[in-house]
Amino acid sequence: MRGRRRLVVICVDGGLPTIVREHDFFDLGRVLPGLPGSGVHELRSIYPSSTAPSHASFLTGTHPRGHGIVGNRFWEREAVADIRRRADDPLASFHPYEASSLTAPGLLDWFARQGATAAAVHFPQTFSRTARQAFPACYCLYAPARDLSVPLAPPADGVAVGRVTLSYLGHGIALCLRLDERTGTITVRSVLAGDGGTRAAIGIGNDSRPGITVDGSRPTRLDIPVPSGSVSVALTCRRVTAGRIEVGLGTAVLTLGFGGIDLSTRSGQGPASLHVDYTANPHHAFHESPRAEWVEQAALDVLEQHDPDVLFVRFNQADHAQEFLYWHAVRGGADERMRAWQQILDVYARIDACVTRLAGAVGGSADFLLFSDHGIDYVETHLRPNHLLGDLGLADRMVFQGDSNSAYLYADSPLAPAERAGLDRALRALDPSVRVLTPSDQEQLKLPVGSARLGRLTVSCGPHIEFQYDDATPTERVASASHGYLPSDPAMSGFYRHFGPAAPLVPPPEDITGAAAVVRRIWRHATRGA
């Protein structure tokens with residue numbers, strides 16, 4: 001891979017410029033001595049400053065009014081019943097991360113016109129399920145951790161067998177557990193279920209093996225092939241009682257592949273983390289999804305298999321760590337703050353090590369652009385506008401969906417004046433910071449005025465407050481963190497660093513909408529010097 005003029009674009013999702021600058025993370029001069037590089041620059045985000053809109057702005061050089069990505073969650077012309085049915089299904093609702101949802105051309109189109117090849121690892125808007133032709137890309141979704149109680153059939157010859165069928169992101173997977181009471185060992189196999197029965201039996205990790213033997217005291221990573229890619233999940237046998245095995249399954253990762261990318265996973269080395277991460281916050285069961293080391297290895301595999309001119313890579317672990325820990329790091333007690341900050345810094349250090357190894361493998365003839373799509377801030381109040389719809393008797397025809405600080409009301413028909421007035425009063429009573437945005441407000445925020453993606457009403461809320469879209473209590477005090485607020489808030493800014501031959505020649509962008517032009521300038525310098 002060395003000696004090639006190449007561009008590697010790396011997003012450290014949620015990376016904070018203060019942390020990167022203070023600890024000098026992602027200084028590639030350490031692994032590639034003499035490589036020109038920049039300092040750490042703040043990169044102002046957009047509204048809403050969330051992952052999907054911000055990546056769209058990075059790729060297209062426009063605000064949401066140009067690229068159409070108005071949040072990590074939005075709908076368009078779907079019926080309310082369909083939205084409610086699909087909203088909690090990650091596979092049915094991740095269209096904001098697909099290139100087909102963009103309403104403006106982006107860098108991928110530009111690189112194709114330059115005759116440059118590209119590939120991507122876990123980078124939003126670099127893939128589409130509907131594309132007839134696609135370049136190599138993969139993307140990860142995740143499903144929550146769960147606990148299972150698997151009944152065992154009466155033992156025969158000292159062996160008891162149990163089976164449980166799970167649904168993971170549209171795939172039916174049965175886990176078959178075999179307890180050998182004579183040796184105390186437990187063996188697990190997966191069975192891909194479909195059409196009312198077993199369609200194919202798959203030995204986890206290797207078809208030639210009958211299964212994986214599980215140590216009941218330690219988690220085991222299961223990597224299960226499915227038609228759309230692979231599912232990776234940590235399994236722990238917590239307890240064996242008479243006729244039953246208690247099983248814990250960690251956060252599961254579904255990896256989707258596009259453009260002929262090879263998703264074959266080495267047994268036990270898939271993207272799911274084996275343990276609950278970010279334990280300074282004890283009130284969750286999240287396993288990192290995907291692991292930073294897996295993203296690094298996937299990027300190296302893509303380089304080896306496809307040899308692209310341009311590689312896009314995203315590490316989202318800092319964002320996850322901060323979502324779980326940032327409140328504890330800035331609002332908790334002294335010991336709590338210390339533990340939370342240390343765990344956040346540990347995650348940055350892990351990503352830094354992965355980025356450093358990746359850069360070392362690519363070599364110093366390439367340009368490396370490192371950035372983050374947004375910042376983070378603490379949240380102490382959750383607001384649930386869908387609860388109001390139930391109180392007003394409107395839940396059968398309307399639903400709120402959206403992002404952290406921007407909620408969109410989708411309805412099967414236009415709002416009657418009385419309905420609009422009632423909603424306006426109820427929303428303002430929910431919290432003093434809540435505003436129903438006028439078209440002028442939307443224009444000022446550079447949202448696509450008149451787009452069905454903004455719903456019948458577009459609603460915003462203030463700092464340290466976040467919308468949630470379940471039907472629980474209308475307001476709740478929380479110890480959380482989020483992004484998506486106004487780009488004028490410095491807490492929402494990301495960072496920018498550039499290393500490579502073009503670094504002294506190309507000034508940094510002022511905000512994330514200027515990044516696409518910078519990328520084009522870097523590539524022009526690279527190809528002129530090739």
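Side chains included, hydrogens not; waters and symmetry mates left out as well; all remaining heavy atoms used.
Aromatic ring orientation, H320 versus F286: perpendicular (interplanar angle above 60°, classes split at 30° and 60°). Below 30°, between 30° and 60°, or above 60°: for H55 and F123 the angle between ring planes is above 60°, a perpendicular geometry. Ring orientation note: the planes of Y139 and Y97 are tilted relative to one another, at an angle of 30° to 60°.
For T438 and D441, the side-chain atoms include at least one donor-acceptor pair closer than 3.5 Å. Under 3.5 Å, the side chains of T381 and R477 contain a donor-acceptor pair of N or O atoms. Residues S49 and S54 have side chains that never bring a donor and an acceptor to within less than 3.5 angstrom of each other.
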key: Test side-chain contact (heavy atoms from CB on, under 4.5 Å) applied to L311 and V302, step by step   = CA-CA 9 Å; L311 176 66; V302 167; 4.1 Å; yes
ask   = Could you walk me through whether S50 and D403 pass the side chain to side chain donor-acceptor pair (under 3.5 Å) check?
value = CA-CA 8 Å; S50 303; D403 214 323; 3.1 Å; yes
message = Show, in sequence, the C-alpha distance, side-chain angles and deciding distance for E466 and C461, and conclude whether the side-chain contact (heavy atoms from CB on, under 4.5 Å) test is met.
response = CA-CA 7 Å; E466 183 180 60; C461 62; 5.8 Å; no
task = Evaluate the criterion side-chain contact (heavy atoms from CB on, under 4.5 Å) for residue pair M398 and L409; output intermediate values, then yes/no.
result = CA-CA 7 Å; M398 303 179 190; L409 176 69; 3.8 Å; yes
inquiry  = For a ring-ring contact (aromatic ring centres under 6.0 Å, His included) check, start with the C-alpha distance between W75 and H95, then their side-chain angles and the critical distance, and finish with the verdict.
reply    = CA-CA 9 Å; W75 302 92; H95 53 277; 5.0 Å; yes
ask   = Run the side-chain contact (heavy atoms from CB on, under 4.5 Å) check on V9 and F368 step by step: do they pass?
value = CA-CA 6 Å; V9 177; F368 299 88; over 6 Å; no
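Between the T251 side chain and the P144 main chain, no donor and acceptor come within less than 3.5 Å of each other. Of the possible donor and acceptor atoms, none in the side chain of Y47 sits under 3.5 Å from a partner among the backbone N and O of G484. When atom types are taken as modelled, the side chain of W327 and the backbone of A481 share no donor-acceptor pair closer than 3.5 angstrom. The main-chain N or O of A491 is never found under 3.5 Å from a side-chain atom of D377 such that the two would form a donor-acceptor pair. Using a distance-only test at 3.5 Å, with no hydrogens or angles considered, no donor-acceptor pair links the side chain of Q322 to the main chain of G375. Between the N405 side chain and the I465 main chain, a donor and an acceptor come within less than 3.5 Å of each other. A donor-acceptor pair under 3.5 Å links the side-chain atoms of R84 to the main chain of A395, judged by distance alone. Remark: side-chain polar atoms of R453 are not paired, donor with acceptor, to backbone N or O of F74 under 3.5 angstrom. Distance alone, capped at 3.5 Å, places no donor-acceptor pair between the R6 side chain and the D309 backbone. With D277 contributing its side chain and H287 its backbone, the two residues share no donor-acceptor pair below 3.5 Å.
Counting only heavy atoms from C-beta outward, the side chains of D391 and P474 never approach each other to under 4.5 Å. A 4.5 Å side-chain heavy-atom check between P448 and P64 finds at least one atom pair inside the cut-off. For the pair F26 and I351, the minimum side-chain heavy-atom distance is below 4.5 Å. In this structure the side chain of V313 never reaches within 4.5 angstrom of the side chain of H122, judged on heavy atoms. Contact of the R30 side chain with the D352 side chain is registered, since non-hydrogen atoms from C-beta on lie closer than 4.5 Å. Proximity of Q468 to L383: side-chain heavy atoms (C-beta onward) are nowhere separated by under 4.5 Å. Side-chain contact between H275 and P219 is present, with heavy atoms from C-beta onward closer than 4.5 Å. Between L108 and F312 there is a side-chain heavy-atom pair separated by less than 4.5 Å.
To the nearest 0.5 Å, atoms CD1 (I512) and OG (S57) are separated by 6.5 Å. Atoms NE2 and OG, on H41 and S493 in that order, are 14.0 Å from each other to the nearest 0.5 Å. With rounding to the nearest 0.5 angstrom, the CG atom of N386 is 5.5 Å from the CG atom of D471. With rounding to the nearest 0.5 Å, the separation of CD1 in I261 from CG in D301 is 8.5 Å. L300 contributes atom CG, which lies 5.5 Å from atom CD of Q297 (distance to the nearest 0.5 angstrom). Here the straight-line distance linking atom OG1 of T458 with atom CG of L445 works out to 9.5 Å at 0.5 Å rounding.
Within the structure, ring-ring contact (aromatic ring centres under 6.0 Å, His included) pairs that include any residue of residues 426-483 comprise H374-H483, Y378-H464 (at least two apart or interchain).
More than 12 heavy atoms of other residues, nucleotides or ligands lie within 6.0 Å of CD in E476, so this atom counts as buried by the packing criterion. Atom CZ of R350 sits in a sparse spot, with 12 or fewer heavy atoms from other residues, nucleotides or ligands closer than 6.0 Å.
Tested against F371 for a ring-ring contact (aromatic ring centres under 6.0 Å, His included), the candidates F495, Y496, F315, F58 yield a single pass: F58. For the side chain to side chain contact (heavy atoms under 4.5 Å, CB included) criterion with S480, the lone passing option out of H328, H382, E323 is H382.
Contact record, F25 with L345: CZ-O, 4.1 Å, taken as the closest heavy-atom pair. Here the closest non-hydrogen pair linking G270 and D223 is N-OD2, 3.1 Å. Listed here is the closest heavy atom pair of A407 and F400: CB-CD2, 4.0 Å. Closest of all the heavy-atom pairs between D109 and G106 is OD2-N, 2.8 Å. Residues Y348 and L16 come closest through the heavy atom pair OH-N, 2.9 Å. In terms of heavy atoms, G364 sits closest to P501 at O-CD, 4.0 Å.
Salt-bridge annotation for D470 and R384: present, with a side-chain N of the basic residue lying under 4.0 Å from a carboxylate O of the acidic one. Using a 4.0 Å cut-off between a side-chain N of Lys or Arg and a carboxylate O of Asp or Glu, D424 and R428 qualify as a salt bridge. Between D82 and R85 a salt bridge is recorded (basic side-chain N to carboxylate O distance below 4.0 Å). Here R339 does not pair with D335 in a salt bridge; the nearest charged N to carboxylate O distance is not below 4.0 Å. Ion pairing between a basic and an acidic side chain is recognised when a charged N comes within 4.0 Å of a carboxylate O; R331 and E336 show no such pairing. In summary, D319 and R314 do not engage in a salt bridge, as defined by a charged side-chain N under 4.0 Å from a carboxylate O.
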Using distance only, find each side-chain donor-acceptor pair of residues 502-511 under 3.5 Å and give its atom names and separation, not counting sequence neighbours.
unit_1, atom_1, unit_2, atom_2, d
D511, OD1, T513, N, 2.9
D511, OD1, T513, OG1, 2.4
D511, OD1, G514, N, 3.3

